[in-house]
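Okay, structure first, notes after.
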Number of protein chains: 2
Amino acid sequence: MKWLRTLILFERGGVLESPDWGDLHQSYLRAIAKIDNPRGSGRLKLREKVRQPNGQWSRNGVNYLKARFLEHMKGDEGWLPEGLVQLKSEAISPELRLYPSMMPHREPVTSTFGGFDFVTSGTQGAKVAIEWETGNISSSHRSMNKLAIALQLGIIQVGVLIVPSRSLYQHLTDRVGNISELSGYLNMWAGMATGIERGLLAVTVVEHDDLTVDEAFPYLTVGMDGRAEQGRKKGRLAE
Amino acid sequence: MKWLRTLILFERGGVLESPDWGDLHQSYLRAIAKIDNPRGSGRLKLREKVRQPNGQWSRNGVNYLKARFLEHMKGDEGWLPEGLVQLKSEAISPELRLYPSMMPHREPVTSTFGGFDFVTSGTQGAKVAIEWETGNISSSHRSMNKLAIALQLGIIQVGVLIVPSRSLYQHLTDRVGNISELSGYLNMWAGMATGIERGLLAVTVVEHDDLTVDEAFPYLTVGMDGRAEQGRKKGRLAE
DNA sequence: TATGGATCCATA
DNA sequence: TATGGATCCATA
C-alpha cells in the first residue's frame, strides 16, 4: 500500500522532533507498505469498481486492509497494543445553560469513550493512539473529535488518523472515510491545539499501488456489515 | 412528541435575548409537539422494540419523524427553507506542515459542505440552520462540526441540533444519534465560541410521549436504507 | 457524481 | 448492553 503524505494539524511541546514520533511514523509507514494484495505480491492491487447490469456498483470491502495493518503493527513492528485509552468522562461535563429557563445545567456524561484502534507507548513513553479509518466518513469525524479531546486531556501525546485518498475511496465500500471530505474540517481540528502543552495531531493519507479491470481478479471480500444483504440480494436477482 | 430540554452550548453577541432566537425556539417546539402517531392522536406513541426469535430486534424506522418535523416547520410554522447554506470552502484551507519534509502545505479543500436539514432567516434576519439528527450517531458529529464551522465563519448566527433522548433512541433504528453519546463531546463544541462575534449553538433533546407493547400496534416504517435488506432476509428466514 | 443518511453487524 | 463499524440508499 502506498503512503501519500502525512499532515501535521498541530504540534506542541516538541513532540515532532522526538524519537517517540519519528520512530512511530517510520514504523507505521512500514506497516502500511506491507499491506499487499494478492498477499505476498508486495503491492496492493485492487480491482476497479464496476457498475453491474442492475445499476449497482461492485467494490472492495475494507476489512482486509484494516486487519493487515493491525497484523503488521503488532507482529512485524512489535508494538504492544495496550489497554484502551479509556477516556473516562472526567472533567468533560460541560457547564451549560438551559433555555428558556436560563438555569445553569451540567449535562451528565452518560456514555464512555470507546477505545482507539491502536494504542501504545512511543519509544520514549509518549502515549500514542492510531485510528485506521475505513468506516463511514461520518465516523471519521467522531474519530478526529475523540483524538482531539484525548490530546486536550493529556491522555495521549500523539494522535493519528489514517485515511484513504479520494482515488482509493472510489474503489472501496461506498461512503468510507477519505481525505477529500475531511479537508474542509482540518482547519477546525488544527485550531484545537489551544491549551495543549505537549501533543501532536496528524492525518496520514494512503492509497492502492495498482488498479486492474481484470474480471478474474477478485474484489476484497465484502462483509455482512451494514446493508450488505441488501446489495447481495439485488445481485442474486440479477443473476 | 415531547420536548425535554434545550442546551445552550455557547452564545455570543446577544442572540439568546433576540426575537430571532426566541421566536424560532417557540416555533420549532410547536413543530416538535405536533409530531404524533397515530397521526391525529396528538401524542407520539411508539411500539417498544422487541427481540425476535432469531435474536434480531424489531424497532421503529426514523423517516417518518423527520418528515413530520419538516412538514410542520414549512407548513404550519410558515418557515421558508431557503437555499442551502452552501458553506463554500472559503478561508478554511488550513496551513499545515508535511512530515517528514516539514514543508508548509495547504491541503486543498476538494469537497463542498452539503446543506443543513433546514435553513431559514429569523424574524429579525439572523441566519438559522437546524439539523434533525436521526442518522447514525457518528453523523451527529459531522453535523455539530459543520454547525460550529458555519457559526465561526459567520454564515449563520443560530445553529441547532435536535436529537433523541437515550430512552427514545432504544426504540429507533440501531445506532441513531442520541444525547447520551454526544454528552462527552459537548464541552469540545462549547469551546468553539472563540472568535465568534454573534452566534448561538444549541442542542435540543426530544422523546416519545408513550410506549406500547401492543403487538397490533405497527412500528414506524423501516426504509430500505442501510443494511435493511439484511435484516429483512433474516426475518423471512425465521418465518 | 457527490453528499447526507438509514440501516444492521461485530465484538468486548 | 454499549460502542465503533461496514454497508448500501436517496436525492440533488
Side-chain angles (χ1 to χ4, degrees), chain A residues 49 51 54-66 83-84 86-87 110-117 131-143 146 166 169-170 172-178 180-181 184 220-235, chain B residues 49 51 54-66 83-84 86-87 110-117 131-143 146 166 169-170 172-178 180-181 184 220-235:
Chain A
K49 70 174 175 185
R51 190 191 288 268
N54 65 4
Q56 216 185 4
W57 291 94
S58 290
R59 293 184 169 92
N60 295 280
V62 300
N63 284 325
Y64 172 79
L65 300 175
K66 182 169 188 170
L84 319 172
Q86 283 295 10
L87 274 189
T110 49
S111 284
T112 58
F113 290 80
F116 293 104
D117 286 336
E131 289 276 270
W132 177 272
E133 186 57 65
T134 46
N136 188 286
I137 175 66
S138 65
S139 185
S140 312
H141 283 259
R142 178 175 51 203
S143 289
K146 205 199 296 185
R166 186 68 173 190
Y169 156 81
Q170 302 185 70
L172 302 178
T173 295
D174 192 21
R175 308 303 294 119
V176 299
N178 62 91
S180 175
E181 286 186 68
L220 297 181
T221 305
V222 171
M224 289 300 289
D225 300 72
R227 298 155 100 174
E229 193 60 37
Q230 205 166 354
R232 293 193 178 187
K233 185 185 167 222
K234 281 197 183 172
Chain B
K49 69 174 176 187
R51 191 190 287 269
N54 65 4
Q56 216 184 3
W57 290 93
S58 291
R59 292 183 168 94
N60 295 281
V62 299
N63 283 325
Y64 172 79
L65 299 176
K66 181 169 188 170
L84 320 172
Q86 284 295 9
L87 273 189
T110 50
S111 283
T112 58
F113 291 80
F116 293 104
D117 286 335
E131 290 275 90
W132 177 272
E133 186 58 66
T134 45
N136 188 286
I137 174 67
S138 65
S139 185
S140 312
H141 282 259
R142 177 174 52 203
S143 289
K146 204 199 295 185
R166 187 68 172 188
Y169 157 82
Q170 302 186 70
L172 302 179
T173 295
D174 192 20
R175 306 305 293 121
V176 299
N178 61 91
S180 175
E181 286 186 68
L220 297 181
T221 305
V222 172
M224 289 300 290
D225 301 71
R227 298 156 101 171
E229 192 60 36
Q230 206 167 352
R232 293 194 180 185
K233 186 184 167 226
K234 280 197 184 172

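Letters A, B, ... mirror the listed sequences (proteins, then strands); counts begin at 1.
A search for side chain to side chain donor-acceptor pair (under 3.5 Å) contacts involving A:Ser140 returns nothing, not counting sequence neighbours. Residues meeting the side chain to side chain donor-acceptor pair (under 3.5 Å) test with B:Ser143, sequence neighbours left out: B:Glu131, B:Glu133. Applying the salt bridge (Lys or Arg N to Asp or Glu O under 4.0 Å) criterion to A:Lys49, with sequence neighbours excluded, gives no partner residue. Partners of B:Asn136 by side-chain contact (heavy atoms from CB on, under 4.5 Å), not counting sequence neighbours, listed by chain and number: B:Ser138, B:Arg175. Listed by chain and residue number, A:Leu46, A:His171, A:Leu172, A:Tyr219, A:Leu220 satisfy the side-chain contact (heavy atoms from CB on, under 4.5 Å) test with A:Asn60 (two or more places apart in sequence, or in another chain).
Residue B:Thr112 has a polar side-chain atom (N or O) positioned under 4.0 Å from OP1 or OP2 of C:dT3. Contact annotation: A:Arg166 side-chain N/O to C:dT3 OP1/OP2 distance is under 4.0 Å. Using a 4.0 Å cut-off, some side-chain N or O of B:Ser111 falls inside it from OP1 or OP2 of C:dT3. For B:Gln56 and C:dC9, the shortest distance from a side-chain N or O to OP1 or OP2 is below 4.0 Å.
Rounded to whole angstrom, the span from the CH2 atom of B:Trp57 across to the P atom of D:dA2 amounts to 11 Å. Rounded to an integer number of Å, the gap from NZ of B:Lys66 to C1' of D:dA10 is 11 Å. With rounding to whole Å, A:Asn54 atom CG is found 12 Å from D:dC8 atom C1'. As a whole-Å value, the separation of A:Leu172 CG from C:dA2 P is 15 Å. As a whole-Å value, the separation of A:Lys146 NZ from D:dT3 P is 10 Å. Per the geometry, CZ belonging to A:Arg175 stands 13 Å off C1' belonging to D:dA6, to the nearest Å. If you take CD of B:Glu181 and C1' of D:dA2, they are 7 Å apart, rounded to a whole angstrom. Atoms CZ (B:Phe113) and C1' (D:dA12) sit 19 Å apart, rounded to a whole Å.
Nearest nucleotide to the side chain of B:Arg142, out of C:dG4, D:dC8, C:dC9: C:dG4. If you check D:dT7, C:dC8, C:dT1 against the side chain of A:Thr173, the one that comes closest is D:dT7. For A:Asp174, taking side-chain heavy atoms from C-beta onward, the closest of the listed nucleotides D:dT7, D:dC9, D:dG4 is D:dC9.
A:Lys146 places a side-chain N or O within donor-acceptor distance of the main-chain N or O of A:Gly115, the cut-off being under 3.5 Å. Put simply, the side chain of B:Asn178 never gets that close to the backbone of B:Tyr169: no donor and acceptor are under 3.5 Å apart.
Residues from residues 131-141 of chain A placing a heavy atom under 4.0 Å of any atom in DNA chain D, listed by number, are A:Thr134, A:Gly135, A:Asn136, A:Ser139.
With the nearest nucleotide of DNA chain D identified for both B:Tyr169 and A:Val62, B:Tyr169 has the one nearer the 5' end. With the nearest nucleotide of DNA chain D identified for both B:Lys49 and A:Asp117, B:Lys49 has the one nearer the 5' end.
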